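To start, the structure under review is shown below, and the notes come after it.
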There are 2 protein chains.
Amino acid sequence: MRTTGPLDRVAGAHDAAVLAVARRGEPVARTGLAEALQVTPQAISKILTRLIARGLIAEIGSFSSGPGKPTTLYRIVPESRRAIGLHLTRTRLHGVVADLTGQILERHSTEITPEQPVPALIASLARTARELSGHGPGELLGVGVGMPGPVDVDEGVHLGSSSRTDAWRGASIRDLLLDELRMPVLVDHDSRAALIGESWSQPGLLDNAVLVLAEEGLGAALRLDGTIVRGAHSRAGEAGHTVVNLSGEPCPCGRRGCAQAEYLAAQRDGDPQRAAEVLATVVLNLVRLLDVDRVVLGGRSVYAHHQVTMDAIREALDQGLHAGAPVHVEVLLSTRGVDLIAAGAACEVLEHEYGLPSALVGPSPR
Amino acid sequence: MRTTGPLDRVAGAHDAAVLAVARRGEPVARTGLAEALQVTPQAISKILTRLIARGLIAEIGSFSSGPGKPTTLYRIVPESRRAIGLHLTRTRLHGVVADLTGQILERHSTEITPEQPVPALIASLARTARELSGHGPGELLGVGVGMPGPVDVDEGVHLGSSSRTDAWRGASIRDLLLDELRMPVLVDHDSRAALIGESWSQPGLLDNAVLVLAEEGLGAALRLDGTIVRGAHSRAGEAGHTVVNLSGEPCPCGRRGCAQAEYLAAQRDGDPQRAAEVLATVVLNLVRLLDVDRVVLGGRSVYAHHQVTMDAIREALDQGLHAGAPVHVEVLLSTRGVDLIAAGAACEVLEHEYGLPSALVGPSPR
DNA sequence: ACAATAAGCCAACGCTGTTGCGTTACGTCA
DNA sequence: TGACGTAACGCAACAGCGTTGGCTTATTGT
């Protein structure tokens, strides 16, 4: 987004809103957009002119129903921009290239040695990014990295996990990778990247949603009233360390009955049913507390037992919400599979460039 | 806020931001505001001119340090606007008048008969509002009502509690009271009103905060990244019905080990220590999940045992956050006491009129 | 008394979306 | 086949936002 004038914020927000509507894939028309953005059709013309000049939107034809001049139709140009997304775990590095709509154009996967020191890690990330950077048309916007554990997205540093010593703690992954690649880099928490990715491809649908990610641990990301929640220290989403069983399993974090401890214990005991029930409790707690209307599930551990997991969650929601009003909560399994986080990281780069700005007035008043 | 032009959104946001800074009570100067809002001093002059014309801001003098023309100082004019706030429970009706800064000017309390039918309830509310409307100078903006149970703030209707039959369920309290008083009315959930009130008087401080309210039940309100969370169906904040003890006390909502059930059971057993520990678990769960840096406690049940409660929460936070990074979470007891919710409801009216707008582009794209 | 300094005002500017009016392209019907 | 009504669209003038550059004002220090 440009930052010259003061009204660019208005223009930028409108541009982003039009792109969001267009991203859904269906052709868009002037009138519909005017209604969606609450501006006059004439303003939409100006906005579309800007977007067309930037190559993000193109005309695709016209549509006539009844008398009068036919409506001109426009579509997003997916191939106009690209972004690289990298999913980093302790043992693997999975990367994708995504176009402007979040569609995956190319994949690349590598094994990495666990507990790799930071310089070697940066080299691996850069190698995968370079491997992917050749594929696909359109301007390459940058590289997004999604990784487990708390991450400060503003500084691009990994804050270190709470339960163990960590070779990556405090590493300024963003700055190091930026120096290496000479390209914008964005580093964020894995589940947050995943949720941004899921909502990028279906704008508006996940305005009030949580994504629960069950990989090595149990994490979550929150989108409330349209905004991703990061929290005061960029640590929001630690659903794995909320207590669900006061007298339960001890957790490395020092407390008893953390959801993650209960979940892992059930898995260790070979009891996927109990694990699913723990997950269902976490989900129901989130729904009750945050009043989201959509829940997205992802992560290897969910994919492995998706049937029992989905059943347990649906049952818990049916029971738990029945007493109250007839609110409907949709439970979705991520359709991206193993690409979930890598694609999300790529979409986060797109969102950073072309997403809706959250605040109108610059920073908060101190 | 005016709605004529398209740029009023920019102006409105800036006006609100200046008011927010001024609300802290200290005199404000052009330069400081320019820095806080990230605009030029010249723009601040224009903004202040608008606000002075509306009577919201006044000049109070000048301040000279070193050579050069002295800095002109401005202050908010608290007495320029007023709002009425009503706190409704099953047995009592407590009302206040607050000025533009949220200071309480007058109180009025009444007993009401439990399970009062809706028409009588409206009459009681209107009587208290009229009683209060005479006090204090300044334009009276409207009436805010804070009440327990889920409330749809957009429609102004009480949605009915989840556990019992309810004479007020579905009552359009806002519309009925509006017809009666011919004055803007705003109805919201009690804990949400409370949090808005607390943050109104200290702008910016509670940008990432939860307020936990322990009255008849256990409720919460969330403010994340500066925005009050309402949720998809205006039901966010049901912290009382999150499970903390999978094999615990049965709850009227149908599940076992809900925080509220555990809390009330501990109180019933005359064990304030255990009740405090349940509350501490709820707070720690909220802090972990949402990464807030401030927690505000309120409600009669907290005031009665504030020492053990605060101690238990501080201890839990010390233990629970020690393993991770050195993040500091401040735990505050509300200073408003029994006025908490009534004052909050009044502030919610003020915020509706003079608060920061959340979104830049009108509605969300469908 | 005079210079140096800092704050604030005025006027012109670029940008936003809006408004009013004219143009274009279609379907319909005589 | 041609006139007419209709709906989408473009052009130009407009009001309002913060910005820019130059000038005025009020204080301190020499």
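Nothing here was measured: the structure is a model prediction, and the numbers come from that model. Quick note on labels: first sequence line is chain A, next is B, and so on, each numbered from 1.
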I need the CG-P distance between A:Asp8 and C:dT16, as an integer number of Å. 7 Å

OP1 or OP2 of C:dG8 less than 4.0 angstrom from a side-chain nitrogen or oxygen of B:Thr72, does that happen here? yes

Whole angstroms only, please: what is the CZ-P distance between A:Phe63 and C:dG27? 12 Å

Could you tell me whether the phosphate oxygens of C:dG17, OP1 or OP2, come under 4.0 Å of any side-chain nitrogen or oxygen in A:His14? yes

I need the CZ-C1' distance between B:Arg9 and C:dT18, as an integer number of Å. 13 Å

Side-chain N,O (A:Thr40) to OP1/OP2 (C:dT19) below 4.0 Å: no

For A:Leu33 and D:dC9, give me the distance from atom CG to atom C1', rounded to whole Å. 14 Å

Any A:Ser45 side-chain N or O less than 4.0 Å from OP1/OP2 of D:dC9: no

Should B:Arg30 be listed as having a side-chain N or O under 4.0 Å from OP1 or OP2 of C:dG8? yes

Provide, to the nearest angstrom, the distance between the CD1 atom belonging to B:Ile44 and the C1' atom belonging to D:dT19. 13 Å

Nearest to the side chain of B:Pro67 - D:dT27, C:dA11, C:dT16? D:dT27

The side chain of B:Lys69 lies closest to which of these nucleotides: D:dG18, C:dG27, C:dA7? C:dA7

Could you check which of D:dT28, D:dG18, D:dA8 has an atom nearest any side-chain atom of A:Thr31? D:dA8

Position toward the 5' end of DNA chain C (nearest nucleotide), B:Thr71 or A:Ser65: B:Thr71

Would the base of C:dG17 count as contacting A:Lys46 through its side chain, where contact means a donor and an acceptor less than 3.5 Å apart? yes

Any side-chain N or O of A:Arg50 below 4.0 angstrom from OP1/OP2 of C:dC15? no

Kindly say whether A:Leu205 contributes a backbone atom to a donor-acceptor pair with the side chain of A:Arg294 at under 3.5 angstrom? yes

Map A:Ile47 and A:Ser62 onto DNA chain C by nearest heavy atom, then report which one ends up closer to the 5' terminus. A:Ile47

Over how many whole Å does the gap from B:Gln42 atom CD to C:dA6 atom P extend? 19 Å

Should B:Leu186 and B:Val153 count as side-chain neighbours, where that means a heavy-atom distance under 4.5 Å? yes

Rounded to whole Å, please give me the gap between CD in B:Gln38 and C1' in D:dT19. 14 Å

Should the pair A:Asp15-A:Arg50 be classified as a salt bridge under the 4.0 Å nitrogen-to-oxygen rule? yes

Just checking, is any N or O donor in the side chain of A:Asp225 or A:Thr227 under 3.5 Å from an acceptor N or O on the other one? no

Of all the choices, C:dG27, D:dA8, D:dA12, which nucleotide is nearest to the side chain of A:Ser64 once you look at every atom? C:dG27

Determine whether the side chains of B:Arg54 and B:Thr49 contain a donor N or O and an acceptor N or O closer than 3.5 Å. no

A:Glu330 atom CD, over 12 foreign heavy atoms within 6.0 Å: yes

A:Asp15 CG to C:dC15 P: how many Å, rounded? 14 Å

